[in-house]
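Have a look at the structure below, then the notes.
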Amino acid sequence: MSQNDKKVYGLRFHGRGGQGAVTAAQLSVMAWDGPAKCFPVFGAERMGAPTAAFARLSKDADMIQTNEQVYTPQYVAVLDDTLLRDVCVTSGTAPGAWVILNTGKSFDEINKLLGPNKLNLAKVDATDLAMKILGRPITNTAILGALAKVAPLFTLDQLNEAVRDQFRGAVADKNIELIKQVYEKVEVREPVIPYDEKSAKKLEWSHIEPHYPGAKDMSIGAVWYAPGGSQKVPTGGWGVYRIDFKFENCSQCQNCAFMCPDQCIKREKRADGMWYVIGTDESHCKGCRICVEVCPGKKGIKARTAILKD
Ligand code: SF4
Ligand code: SF4
């Protein structure tokens with residue numbers, strides 16, 4: 001495997017609840033030709049609240065094992081330009097990263113909202129096209145058409161195939177037409193700046209930009225990924241269920257590892273190069289039982305069962 005195959009592409013999708021940012025991340029994984037992983041983060045669970053979804057794409061499965069949010073994205077897709085007011089969509093981006101916007105604004109207007117930056121900007125009025133083609137302001141597939149234009153991640157054919165896997169009949173046809181039109185109409189701010197991967201650095205204490213109001217107060221309660229950070233803080237004590245795991249009944253399908261919302265599935269890489277599920281991180285497991293639901297086990301016997309705590 002060449003060094004280039006170890007490259008990881010980090011994608012972050014910003015949207016509002018109901019706009020389909022999670023589906024966009026999922027479709028990017030489906031269109032990518034190689035191992036990939038995606039996951040969302042939700043704030044208040046209501047329509048219109050800011051949401052984000054992440055995708056990690058690589059040719060090497062070892063490079064996407066982490067379930068951590070993508071803090072230093074090379075590609076940021078913004079499904080709704082009103083988010084530019086509320087969310088720092090450029091957080092963690094290095095010079096030459098791409099920000100792809102669904103907007104009817106000019107590049108000058110976008111520059112004013114983003115402030116001075118060394119980013120690559122692409123824009124398209126995907127909402128307008130979506131209203132004409134889908135009859136609804138859903139732009140998750142559209143933004144991927146813009147992404148396909150500026151990023152070497154997948155071709156239009158690969159994206160269309162993913163859309164056909166996800167949707168059926170006329171819905172798939174309309175989304176493919178939307179993608180085609182977005183691909184043709186997307187505009188790129190010139191000159192294009194090469195990506196400076198070495199400058200991509202996570203903020204040490206928080207994923208909130210320090211210049212934002214309240215950021216200093218938030219730093220203790222926000223994400224702490226320095227050694228000794230939030231992974232050291234047990235959060236599973238309030239769970240009603242304990243998850244019992246039997247390795248001998250585990251088919252290593254990895255469903256639980258992908259579905260656990262709290263990344264509590266313990267895995268290890270063994271000599272054969274494969275990742276094995278070996279247990280549960282009980283100090284962080286909240287007992288939601290999702291892993292039990294999705295566990296096929298072996299020969300009809302689940303490897304995971306939920307046991308009521310005393
Ligand atoms: S019960 Fe929920 S939190 Fe615990 S390991 Fe299973 S999926 Fe994760
Ligand atoms: S879902 Fe069940 S069978 Fe699949 S890896 Fe997890 S424990 Fe094993």
Side-chain angles (χ1 to χ4, degrees), residues 11-33 36 38-55 57 73 75-87 89 98-107 109-110 113 121-189:
L11 281 58
R12 189 168 69 213
F13 296 83
H14 291 280
R16 293 191 180 277
Q19 288 181 330
V22 179
T23 305
Q26 207 175 336
L27 285 167
S28 72
V29 163
M30 290 161 75
W32 170 253
D33 180 19
C38 64
F39 39 91
V41 60
F42 297 106
E45 290 185 31
R46 52 186 291 186
M47 293 278 283
T51 60
F54 310 92
L57 320 175
Y75 298 99
V76 177
V78 182
L79 276 70
D80 184 326
D81 64 5
T82 63
L83 287 167
L84 299 181
R85 282 188 327 239
D86 306 338
V87 177
V89 300
W98 282 88
V99 178
I100 300 138
L101 297 130
N102 166 26
T103 185
K105 296 185 193 312
S106 67
F107 282 125
E109 289 172 297
I110 297 168
L113 286 163
L121 299 182
K123 71 177 183 87
V124 64
D125 193 343
T127 303
D128 183 53
L129 291 168
M131 286 305 290
K132 285 180 186 144
I133 297 168
L134 305 179
R136 300 170 66 202
I138 303 290
T139 54
N140 50 4
T141 52
I143 209 76
L144 293 172
L147 188 62
K149 183 75 173 266
V150 301
L153 304 176
F154 38 75
T155 62
L156 269 192
D157 284 345
Q158 287 170 315
L159 179 55
N160 291 344
E161 203 178 315
V163 169
R164 289 223 178 274
D165 281 345
Q166 180 77 7
F167 304 109
R168 296 280 166 265
V171 176
D173 291 343
K174 285 182 183 177
N175 276 285
I176 287 170
E177 177 58 24
L178 175 60
I179 287 169
K180 177 169 160 274
Q181 292 210 20
V182 165
Y183 188 89
E184 285 164 4
K185 294 197 165 128
V186 65
E187 297 168 60
V188 170
R189 184 181 70 174

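If you're wondering where the values come from, they're calculated on a predicted model, not measured in any experiment. Worth knowing before you read on, the calculation uses all heavy atoms, side chains too, and leaves out hydrogens, waters and symmetry mates.
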Under 3.5 Å donor-acceptor, [X] side chain and [Y] backbone:
X	Y	answer
R189	K123	no
N102	T127	yes
E184	Q181	no

Could you give the side-chain donor-acceptor pairs of residues 76-83 under 3.5 Å, partners two or more places apart or in another chain?
| unit_1 | atom_1 | unit_2 | atom_2 | d |
| --- | --- | --- | --- | --- |
| D80 | OD1 | T82 | N | 2.8 |
| D80 | OD1 | T82 | OG1 | 2.6 |
| D80 | OD2 | Q19 | NE2 | 2.8 |
| D81 | OD2 | T103 | OG1 | 2.6 |
| T82 | OG1 | R16 | NE | 3.1 |
| T82 | OG1 | R16 | NH2 | 3.1 |

Over all heavy atoms of both residues, which pair between [X] and [Y] is shortest? Give the atoms and the distance, please.
X	Y	result
A148	L156	CB-CD2, 4.3 Å
F13	A25	CE1-CA, 3.6 Å
I138	G18	CD1-O, 3.7 Å
V188	F107	C-CZ, 3.8 Å
A21	T51	CB-OG1, 4.2 Å
A130	L178	N-CD1, 3.6 Å

Neighbour count >12 (heavy atoms, 6.0 Å) for atom CD, E161: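 Count not over threshold, so no.
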Heavy atoms from other residues, nucleotides or ligands near CG of D165 exceed 12 (cutoff 6.0 Å):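 Correct, the count exceeds 12.
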A side-chain contact here means heavy atoms from C-beta on lying under 4.5 Å apart; do [X] and [Y] qualify?
X	Y	value
F167	K174	no
T141	L27	yes
L147	L11	yes

Quick check for you: to the nearest 0.5 Å, what is the distance between [X] atom [atom1] and [Y] atom [atom2]?
X	Y	atom1	atom2	result
L84	L101	CG	CG	6.0 Å
I179	L129	CD1	CG	12.0 Å
Q26	F39	CD	CZ	13.5 Å
D125	M131	CG	CE	11.5 Å

Y75: which of L153, L57, V99 passes side-chain contact (heavy atoms from CB on, under 4.5 Å): L153
From CA spacing to verdict: side-chain contact (heavy atoms from CB on, under 4.5 Å), K180, N160: CA-CA 9 Å; K180 177 169 160 274; N160 291 344; over 6 Å; no
Pairs where residues 129-153 contributes a residue and the test salt bridge (charged side-chain N to carboxylate O under 4.0 Å, His left out) is met, not counting sequence neighbours: D128-K132
Polar side chain donor-acceptor pair, E109 to S106, under 3.5 angstrom: yes
Stepwise side-chain contact (heavy atoms from CB on, under 4.5 Å) check, N175 with Q166: CA-CA 11 Å; N175 276 285; Q166 180 77 7; over 6 Å; no
Check ion pair R168-D173 (N to O, under 4.0 angstrom): no
Check against side-chain contact (heavy atoms from CB on, under 4.5 Å), L144 and F154: CA-CA 10 Å; L144 293 172; F154 38 75; 4.2 Å; yes
